[in-house]
Every structure is written in C-alpha cells, then in structure tokens.
Visitor: 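I have a structure I would like to understand better, so I am pasting it below and will then ask my questions one at a time.
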Amino acid sequence: MTHYEGELRAVPGARYAIIASRWNARIVDALVAGARKELAGNGVDESAIDVVRVPGAWELSLVAMRLAKAGRHAAVIALGCVIRGDTRHYEHVADGCAEGLLQAQLQHGVPVLNGVLAVERIEDAEARAGGSHGNKGEEVALAAVEMVNLMEQLP
C-alpha cells in the first residue's frame, strides 16, 4: 500500500497567489499578513508570492479561476470577509464565492484555498483574524503549502 501525505515544506520554484478582497479591509489585511507570515515561515520566498486585491468576496472566484487556468501558481489562496447584515445578500455572496472557488480548483487542478470568513458579527471576524480563534489566513496558507507538497507527490 502506498501512502501519500503532504508536508509543511515548500516545493522549490512553487509560486503562490493570495487574492484578497478590499471589503472589510481591516479584517482581510490581518488575514493577508497571517498568510504571508506562514508562507515565509515554511520556506516560501517573498518573491514567490503574488498578492492580487479585488473589490469584494464576490470577485474572488473570477480571479481565482483566471489564475488557476493560467497555471503560473501552484496554489491560490482566497481571503475575504462576509458579515451577515439585514438582508440575504450575505448568503448569496458567501455561498457563491465558495462555489466559485471550488469550481476553479476542480476545473484547473490547482489547489484553491477558501479563507473567506462568513460570520454573523464583526466580533466573530476579529476573533478569526488574529483574535481568540487564531488567524484563518495563517491556517489556509499552511494548507496551501501542504497541498502543493502533496500534489507534487501524487502520480
């Protein structure tokens, strides 16, 4: 039996893209900082990281699809924050974004990591952007490194 498992070790020459929304910038900027810190801490050179800013979470999927299709990046990390409001708009944006990121990954065979917070209140976002629940940007960056390593091993 063969066992495959990714490691937290950067693959030489691998490029990473971080796509980040400008909406809820204070939260998303903390996620981006966390992702960049973890990529660097696991052997990814700063010059191998491209950061692309988009207006909001809705636009993340389109850019993820384009980057995945281009094939220049070993992984794409999507970061954003959608906070529930008084209307159903929150659900449309959060669900559509997640579905689009999934489709980009599946259609192009490139790991696309979903680091888009979908939360009830700003306090929930703060807790997940460096607060009491850690930094989800850090977590998805670690998952990206692991997935790139795993994809290199798979036949």
Side-chain angles (χ1 to χ4, degrees), residues 3-54 56-65 67-68 72-84 90-91 93-106 108-154:
H3 178 84
Y4 298 100
E5 186 171 349
E7 298 176 12
L8 289 176
R9 185 168 30 100
V11 171
R15 294 193 65 75
Y16 293 78
I18 298 173
I19 312 168
S21 71
R22 289 191 310 269
W23 197 262
N24 292 313
R26 184 173 57 83
I27 298 298
V28 178
D29 290 349
L31 297 174
V32 171
R36 291 176 76 168
K37 180 186 94 163
E38 286 303 322
L39 289 172
N42 285 279
V44 178
D45 191 82
E46 181 72 22
S47 65
I49 303 168
D50 296 318
V51 178
V52 180
R53 297 305 283 234
V54 299
W58 187 256
E59 293 78 24
L60 291 167
S61 299
L62 177 62
V63 175
M65 184 73 77
L67 293 175
R72 290 188 58 229
H73 298 93
V76 176
I77 298 167
L79 301 173
C81 179
V82 183
I83 302 171
R84 184 180 298 279
Y90 155 92
E91 294 167 4
V93 172
D95 293 347
C97 177
E99 180 62 29
L101 296 174
L102 175 63
Q103 289 306 313
Q105 173 173 259
L106 295 176
H108 300 291
V110 173
V112 176
L113 292 297
N114 184 351
V116 179
L117 303 179
V119 296
E120 297 292 322
R121 304 169 304 124
I122 187 70
E123 293 83 7
D124 299 329
E126 291 167 343
R128 289 159 179 77
S132 62
H133 292 295
N135 185 310
K136 300 306 174 188
E138 293 175 1
E139 292 176 19
V140 294
L142 291 173
V145 171
E146 183 176 340
M147 283 300 296
V148 170
N149 186 280
L150 177 62
M151 296 299 280
E152 286 291 311
Q153 295 177 43
L154 293 175

Visitor: Please give me the minimum heavy-atom distance between Pro111 and Met151, naming the atom from each residue.
Guide: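 So the two residues come closest at CG-CG, 4.0 Å.
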Visitor: Does any non-hydrogen side-chain atom of Arg15 lie less than 4.5 Å from one of Val148?
Guide: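 No, every pair of side-chain atoms sits at 4.5 Å or beyond.
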Visitor: Does the side chain to side chain contact (heavy atoms under 4.5 Å, CB included) test come out yes or no for Glu120 and Ile83, once each step is laid out?
Guide: CA-CA 6 Å; Glu120 297 292 322; Ile83 302 171; over 6 Å; no
Visitor: Using modelled atom types and a 3.5 Å cut-off, is there a donor and acceptor pairing between side-chain atoms of Asn24 and backbone atoms of Cys81?
Guide: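 Yes, because the side chain of Asn24 sits within donor-acceptor range (under 3.5 Å) of the backbone of Cys81.
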Visitor: When you measure from the side chain of Asn42 to the backbone of Glu38, do you find a donor-acceptor pair of N or O atoms at a distance under 3.5 Å?
Guide: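 A pair under 3.5 Å: yes.
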Visitor: Does the pair Arg26/Glu126 count as a salt bridge with the N-to-O cut at 4.0 Å?
Guide: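 Counted as a salt bridge, because a side-chain N and a carboxylate O are separated by less than 4.0 Å.
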Visitor: Just by modelled atom types, is the Cys97 backbone N or O under 3.5 Å from a matching donor or acceptor in the Ser61 side chain?
Guide: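 Checking the backbone N and O of Cys97 against the side chain of Ser61, a donor-acceptor pair under 3.5 Å is found.
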Visitor: Quick check: does any side chain N or O of Glu59 sit under 3.5 Å from a backbone N or O of Ser21, one acting as donor and the other as acceptor?
Guide: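 Not at all, since once roles are kept as given, no pair shorter than 3.5 Å links the two residues.
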Visitor: Would Asp29 and Arg22 count as a salt bridge (Lys or Arg N to Asp or Glu O under 4.0 Å) here? Give the steps.
Guide: CA-CA 8 Å; Asp29 290 349; Arg22 289 191 310 269; over 6 Å; no
Visitor: Between Val93 and Trp58, which heavy-atom pair has the shortest distance, and what is it?
Guide: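 The pair with the smallest heavy-atom distance is CA-CE3, 3.8 Å.
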Visitor: Please step through side chain to side chain contact (heavy atoms under 4.5 Å, CB included) for the pair Ile18 and Asp50, ending with a clear verdict.
Guide: CA-CA 6 Å; Ile18 298 173; Asp50 296 318; over 6 Å; no
Visitor: Taking it one step at a time, do Val119 and Val82 satisfy side chain to side chain contact (heavy atoms under 4.5 Å, CB included)?
Guide: CA-CA 6 Å; Val119 296; Val82 183; over 6 Å; no
Visitor: Using a 4.5 Å cut-off on heavy atoms from C-beta on, say whether the side chain of Leu117 contacts that of Leu31.
Guide: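 Of all side-chain heavy-atom pairs linking Leu117 with Leu31, at least one is under 4.5 Å.
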Visitor: Where is the tightest heavy-atom contact between Ala68 and Val76, given as atom of each residue plus distance?
Guide: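 Looking at all heavy atoms of both residues, the shortest contact is N-CG2, 4.5 Å.
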Visitor: What heavy-atom pair brings Ala129 and Ala30 nearest, and what distance separates the two atoms?
Guide: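 Ala129 and Ala30 have their closest heavy atoms at O-CB, 3.5 Å.
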Visitor: Tell me yes or no: between the side chains of Asn135 and Glu139, is some donor less than 3.5 Å from an acceptor?
Guide: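 Result is no, nothing qualifies.
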Visitor: Checking side-chain contact (heavy atoms from CB on, under 4.5 Å) between Ile19 and each of Ile77, Leu62, Leu79, Leu67, which is the one that passes?
Guide: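 Among Ile77, Leu62, Leu79, Leu67, the one meeting side-chain contact (heavy atoms from CB on, under 4.5 Å) with Ile19 is Leu67.
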Visitor: Before you tell me yes or no, could you show the steps for Glu146 and Arg9 under side chain to side chain contact (heavy atoms under 4.5 Å, CB included), namely the whole-Å CA-CA distance, both residues' side-chain angles and the distance that decides it to 0.1 Å?
Guide: CA-CA 7 Å; Glu146 183 176 340; Arg9 185 168 30 100; over 6 Å; no
Visitor: Are side-chain heavy atoms of Tyr4 and Leu150 found at a separation under 4.5 Å?
Guide: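 Yes - at least one pair of side-chain heavy atoms lies under 4.5 Å apart.
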Visitor: Do Val112 and Leu102 have side chains that get closer than 4.5 Å, going by heavy atoms?
Guide: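 A side-chain contact under 4.5 Å is absent here.
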